[in-house]
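Here is the structure we will look at, set down as structure tokens.
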Amino acid sequence: DTEVTQTPKHLVMGMTNKKSLKCEQHMGHRAMYWYKQKAKKPPELMFVYSYEKLSINESVPSRFSPECPNSSLLNLHLHALQPEDSALYLCASSQSGGLAGYSETQYFGPGTRLLVL
Amino acid sequence: AQSVTQLGSHVSVSEGALVLLRCNYSSSVPPYLFWYVQYPNQGLQLLLKYTSAATLVKGINGFEAEFKKSETSFHLTKPSAHMSDAAEYFCAVSVPLGSNYQLIWGAGTKLIIKP
């Protein structure tokens, strides 16, 4: 099973709302990633978790708050977002990340399409 | 600094024709290179990757890519295009980031298949 699942598929939220995105994988992977993708652009890395510890935060605003409750689950908590945060949010996982991540394949979920009004 | 350049934001070919998507990289270390495909409203799927085992890499769906160090290229080809190949294609290189690695992405090439 090489599937990464993401819920919800679509999300519309106001600038004062709090919502969460969920990502799950059952491949035994120990590295998980959040990306943001604007239309017609490549993905931009936001966060990396390796062995449930946050190892990379690419200067993402604090209105985005990641959480990794266990090795299979990754959440992204959203609060007080801006309209420019509207995008496709992609989750990915790879076997172990860290120094072994050089040649690892990242497996992507289908994404959550977020619209902030 | 490592970077990836994809020549042509759009490539249009007829069904049955050769597909050639270009990717050039710059890297100060031996590169690990990837091609991903993204179908409309979907996530990204790995087509193939180069990890120094062989310069000609075969991937899924009939795609292959050849690593040419002298040209710093990793172009993606498919002998005969199919309508189902219409998608966005991204080339990426793996680079160090702290104690991890991240993918540096090209801007993407949209492949259009004409009937």
Side-chain angles (χ1 to χ4, degrees), chain A residues 2-7 9-10 21 23-25 27 30-51 53-59 87-114, chain B residues 2-6 8-10 21 23 25 27-54 57 59-60 67 74 87-112:
Chain A
T2 57
E3 192 179 23
V4 175
T5 59
Q6 289 187 245
T7 53
K9 283 187 171 28
H10 301 274
L21 310 184
C23 172
E24 203 160 1
Q25 57 87 15
M27 295 178 276
R30 304 308 298 271
M32 295 186 79
Y33 310 75
W34 278 116
Y35 288 88
K36 173 183 177 181
Q37 187 180 27
K38 299 286 263 185
K40 303 185 194 305
K41 297 288 187 187
E44 300 169 39
L45 183 64
M46 299 175 73
F47 303 105
V48 180
Y49 274 84
S50 183
Y51 291 85
K53 288 197 170 75
L54 182 65
S55 56
I56 295 175
N57 176 342
E58 283 289 85
S59 304
L88 181 68
Y89 287 84
L90 293 163
C91 173
S93 71
S94 68
Q95 191 157 4
S96 57
L99 295 175
Y102 197 31
S103 63
E104 288 182 351
T105 298
Q106 291 185 24
Y107 294 86
F108 284 82
T112 293
R113 193 161 296 282
L114 174 67
Chain B
Q2 285 93 343
S3 65
V4 173
T5 302
Q6 290 183 241
S9 58
H10 293 76
L21 303 182
C23 173
Y25 69 91
S27 176
S28 55
V29 297
Y32 281 72
L33 295 156
F34 303 77
W35 274 102
Y36 280 85
V37 61
Q38 186 173 30
Y39 298 101
N41 300 313
Q42 291 188 31
L44 290 92
Q45 180 183 12
L46 180 74
L47 276 176
L48 49 82
K49 66 180 181 182
Y50 169 74
T51 58
S52 76
V57 183
I60 61 170
F67 173 71
F74 189 54
E88 188 84 25
Y89 291 79
F90 292 98
C91 182
V93 63
S94 183
V95 302
L97 181 64
S99 59
N100 286 270
Y101 287 88
Q102 67 164 332
L103 293 174
I104 299 295
W105 301 86
T109 298
K110 184 172 183 176
L111 178 61
I112 300 160

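Here is the naming used below: chain letters follow the sequence lines, and residue numbers restart at 1 for every chain. Not measured: the values here are computed from a predicted model.
Not counting sequence neighbours, B/Ser52 has no partner by the side chain to side chain donor-acceptor pair (under 3.5 Å) test.
Heavy-atom pairs under 4.5 Å with chain B peak, among A/Ser55, A/Ser50, A/Gly111, at A/Ser55. Contacts with chain A were tallied for B/Leu97, B/Val95, B/Leu103, B/Leu44; B/Leu44 has the most, counting heavy-atom pairs under 4.5 Å. Your options are A/Pro43, A/Gly109, A/Ala31, and the one with the most heavy-atom pairs under 4.5 Å with chain B is A/Pro43. Chosen from B/Ser9, B/Ala92, B/Ala107, the residue pairing most often with chain A at heavy-atom distances under 4.5 Å is B/Ala107.
At a 4.5 Å heavy-atom cutoff, the contact between A/Glu58 and chain B is made by side-chain atoms alone. Proximity to chain A is limited to the backbone of B/Gln42, based on heavy atoms less than 4.5 angstrom apart. In this structure, chain A has no heavy atom under 4.5 Å from any part of B/Gln45. Of the two parts of A/Gln106, the backbone and the side chain both hold a non-hydrogen atom closer than 4.5 Å to a non-hydrogen atom of chain B. Both the backbone and the side chain of A/Ser103 come within less than 4.5 Å of a heavy atom in chain B. For B/Tyr36, the part sitting under 4.5 Å from any heavy atom of chain A is the side chain, from C-beta outward, and nothing else.
Interatomic distance, OH of B/Tyr25 versus SG of B/Cys91, reported as 10.0 Å (0.5 Å rounding). With rounding to the nearest 0.5 angstrom, the CE atom of A/Met27 is 7.0 Å from the OH atom of A/Tyr107. The CD atom of A/Gln25 sits 9.0 Å away from the CZ atom of A/Arg30 when rounded to the nearest 0.5 Å. Here the CH2-CG distance, from B/Trp35 to B/Leu46, works out to 12.0 Å after rounding to the nearest 0.5 Å. A/Asn57 CG to A/Tyr49 OH: the interatomic distance, rounded to the nearest 0.5 Å, is 9.0 Å. From B/Ser94, atom OG reaches atom OH of B/Tyr101 across 7.0 Å, with rounding to the nearest 0.5 Å.
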